Engineer: 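Take a look at the following structure, please.
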Amino acid sequence: MCVNPVRILSSSQPPLVPVATSPSPRFPPAPLTITEHAEIVRRWHAHFPLDSILELPCAACASLFPKSDIVVRRRADIDLSPLERPGCGITRMERHSAADPVGVELPGPILYQPAMTSLDGVPHLQLCPRCDVSLSRGELPLLSLANGRWIGDVPSVLRNLSYSEELLISRFRRNYCVAHVKGGQGYLKANAILFEQPTTTIYDVLPPPREDLDGVFALIFTGSARPTNKDYERTPFLVRHRVVLSALRWLQLNHSQYADVTISEDNLARYADNEPPVTVMYRKTSGASDAEADVGVHEPLHARSVPSGESCPFMVHALTASDLGHMNYSQPTNRQTGLHRHAYAGKHH
């Protein structure tokens with residue numbers, strides 16, 4: 001029989017005193033209070049002053065640089081002749097009608113207007129160190145807009161286009177897209193996967209016929225209930241006829257690759273304005289919705305929702321060659337299923 005040895009404490013040794021253990025920390029921790037939020041913001045602002053993170057554009061190359069690196073010069077003190085490129089066809093004045101002449105260049109030096117300021121009524125320019133050195137030597141800056149990099153301002157008719165509207169005005173089709181929208185209790189989130197097609201499709205008539213869009217764009221909706229028109233309004237997949245028509249007319253007047261494009265109002269009329277332009281595939285989720293599963297313990301579901309009329313969050317994923325290597329390209333359905341599994345698994349690169 002094996003007996004465990006017993007240690008006999010001598011009378012000179014102090015008695016053992018049990019150590020008080022602190023209670024285990026609460027997990028998950030409680031959400032931050034308003035006071036704690038304010039203290040975090042105060043400390044961050046004290047550690048990162050505005051001048052250390054603020055970026056300003058360069059008037060010559062339009063690139064952003066830290067404010068501390070920007071050089072401000074009086075316009076009268078700078079020789080801007082290297083930025084004047086008459087006859088080179090770099091700039092182009094916007095046309096508003098077919099009667100306006102084609103190819104009229106903008107006069108004067110080619111500058112980025114938001115980088116031009118006025119101090120006490122005196123015109124000044126913001127320049128990055130690289131462009132400032134080149135202009136002081138009377139040379140054309142390598143990365144300046146005047147060196148063939150000018151594209152002009154984005155016109156108002158091309159701003160805030162939805163994803164579907166961008167597809168309708170695109171003359172060149174190089175990608176296949178599968179979009180996935182998760183929904184539940186007022187929460188919507190969308191993501192898309194794009195992969196390159198082996199050949200590029202060029203359209204001479206825009207927008208393309210509605211059936212053509214089904215071949216390059218698939219839309220999958222998952223949630224506890226089928227999507228309604230209200231849900232569609234919150235996604236970036238609706239088509240506004242007036243916006244598409246205005247964008248195509250502007251491109252036809254001002255973009256050289258759209259000069260011979262035919263605008264088909266008959267094709268545009270076939271797109272509904274209250275639902276996506278492609279067939280929506282719906283998959284019902286059982287139990288807790290994907291939206292509810294993604295929300296943190298102390299995060300209310302409505303924190304990620306968007307008000308009616310605003311687009312839901314939209315993310316674009318990319319597929320690598322290894323992801324595409326196991327897909328069967330002979331059947332479009334297999335591609336759509338594989339891409340949906342990729343998006344549903346949350347993979348992105």
Side-chain angles (χ1 to χ4, degrees), residues 28-29 31-32 37 158-170 175-196 213-214 216-240 243-244 271-320 323-324 327 332-349:
L32 297 177
H37 275 288
L158 297 183
R159 299 174 188 170
N160 301 321
L161 293 174
S162 70
Y163 185 78
S164 295
E165 291 165 350
E166 291 178 355
L167 291 178
L168 296 189
I169 69 172
S170 176
N175 299 316
Y176 183 90
C177 173
V178 171
H180 178 205
V181 181
K182 297 179 181 180
Q185 297 187 9
Y187 162 58
L188 287 179
K189 181 175 68 175
N191 59 65
I193 304 175
L194 304 176
F195 69 92
E196 187 177 3
L213 214 58
D214 281 322
V216 296
F217 182 32
L219 180 57
I220 304 170
F221 198 105
T222 59
S224 57
R226 288 187 173 276
T228 63
N229 289 342
K230 291 293 185 182
D231 294 327
Y232 291 146
E233 290 177 0
R234 299 165 61 189
T235 66
F237 305 120
L238 292 186
V239 174
R240 296 165 294 178
V243 172
V244 172
Y271 291 93
D273 57 1
N274 59 348
E275 61 183 20
V278 295
T279 303
V280 178
M281 294 178 285
Y282 169 70
R283 184 175 71 86
K284 182 180 177 63
T285 56
S286 58
S289 66
D290 299 329
E292 294 168 338
D294 290 342
V295 176
V297 174
H298 294 293
E299 180 182 5
L301 189 62
H302 63 78
R304 297 192 189 184
S305 62
V306 292
S308 178
E310 295 185 12
S311 298
C312 65
F314 184 48
M315 296 167 288
V316 178
H317 300 251
L319 284 174
T320 62
D323 293 321
L324 293 173
M327 294 186 183
T333 304
N334 291 345
R335 285 186 294 178
Q336 296 175 6
T337 304
L339 291 171
H340 171 250
R341 289 174 180 173
H342 177 91
Y344 191 72
K347 299 178 181 179
H348 58 279
H349 306 280

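The structure displayed is predicted, hence computed values, not measured ones. Because only heavy atoms are used, hydrogens play no part in the values below, and waters and symmetry mates are left out as well, while side chains stay in.
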Engineer: Hey, what do you get for CZ (Phe221) to NE2 (His180), rounding to the nearest 0.5 Å?
Structural biologist: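 These two atoms lie 9.0 Å from each other.
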Engineer: Would you say the side chain of Leu194 lies within less than 4.5 Å of the side chain of Tyr176, judging by non-hydrogen atoms?
Structural biologist: no
Engineer: For Leu238, which residues count as a side chain to side chain contact (heavy atoms under 4.5 Å, CB included) partner, sequence neighbours excluded?
Structural biologist: Tyr232, Glu233, Pro276
Engineer: Would you check, one step at a time, whether the test side-chain contact (heavy atoms from CB on, under 4.5 Å) holds for Val239 with Asp273?
Structural biologist: CA-CA 5 Å; Val239 174; Asp273 57 1; over 6 Å; no
Engineer: Is there side-chain contact between Leu219 and Val181, with heavy atoms separated by less than 4.5 Å?
Structural biologist: yes
Engineer: Would you mind reporting whether Tyr163 and Phe217 have side-chain heavy atoms less than 4.5 Å apart?
Structural biologist: yes
Engineer: To the closest 0.5 Å, what do you measure between OG1 (Thr222) and CZ (Arg283)?
Structural biologist: 5.5 Å
Engineer: Hey, what do you get for NZ (Lys189) to CG (Asn191), rounding to the nearest 0.5 Å?
Structural biologist: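 Between atom NZ of Lys189 and atom CG of Asn191 there are 7.0 Å.
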Engineer: Taking side chain as C-beta onward, heavy atoms only, is Val244 less than 4.5 Å from Ile169?
Structural biologist: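 Contact flag for Val244/Ile169 side chains = yes.
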Engineer: Ignoring hydrogens and geometry, is there a side-chain-to-backbone donor-acceptor pair from Tyr282 to Gly223 under 3.5 Å?
Structural biologist: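 Present.
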Engineer: Got a second to check how far Leu167's CG is from Asn175's CG, nearest 0.5 Å?
Structural biologist: 9.5 Å
Engineer: Specify the closest pair of heavy atoms between Thr235 and Asp231, including all atoms of both residues, with the distance to one decimal.
Structural biologist: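 That closest heavy-atom pairing would be CG2-O, 3.4 Å.
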Engineer: Holding to side chain to side chain contact (heavy atoms under 4.5 Å, CB included), I want the full list of residues that pass it with Val216, two or more places apart in sequence or in another chain.
Structural biologist: Arg173, Gln197, Leu213
Engineer: Applying salt bridge (charged side-chain N to carboxylate O under 4.0 Å, His left out), name anything that partners Arg240, two or more places apart in sequence or on another chain.
Structural biologist: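 Counting only residues at least two positions away or on another chain, Arg240 forms a salt bridge (charged side-chain N to carboxylate O under 4.0 Å, His left out) with Glu165.
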Engineer: For Asn160, look at atom CG and say whether over 12 heavy atoms of other residues, nucleotides or ligands are found less than 6.0 Å away.
Structural biologist: no
Engineer: Got Thr279 and Asp214 here, is their nearest side-chain heavy-atom distance under 4.5 Å?
Structural biologist: yes
Engineer: Taking all heavy atoms of Met281 and all of Ala218, pick out the closest pair and write down the distance.
Structural biologist: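 Taking every non-hydrogen atom into account, CE-CB, 4.0 Å.
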Engineer: Using a 4.5 Å cut-off on heavy atoms from C-beta on, say whether the side chain of Phe237 contacts that of Ser162.
Structural biologist: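 Ser162 vs Phe237: side chains apart.
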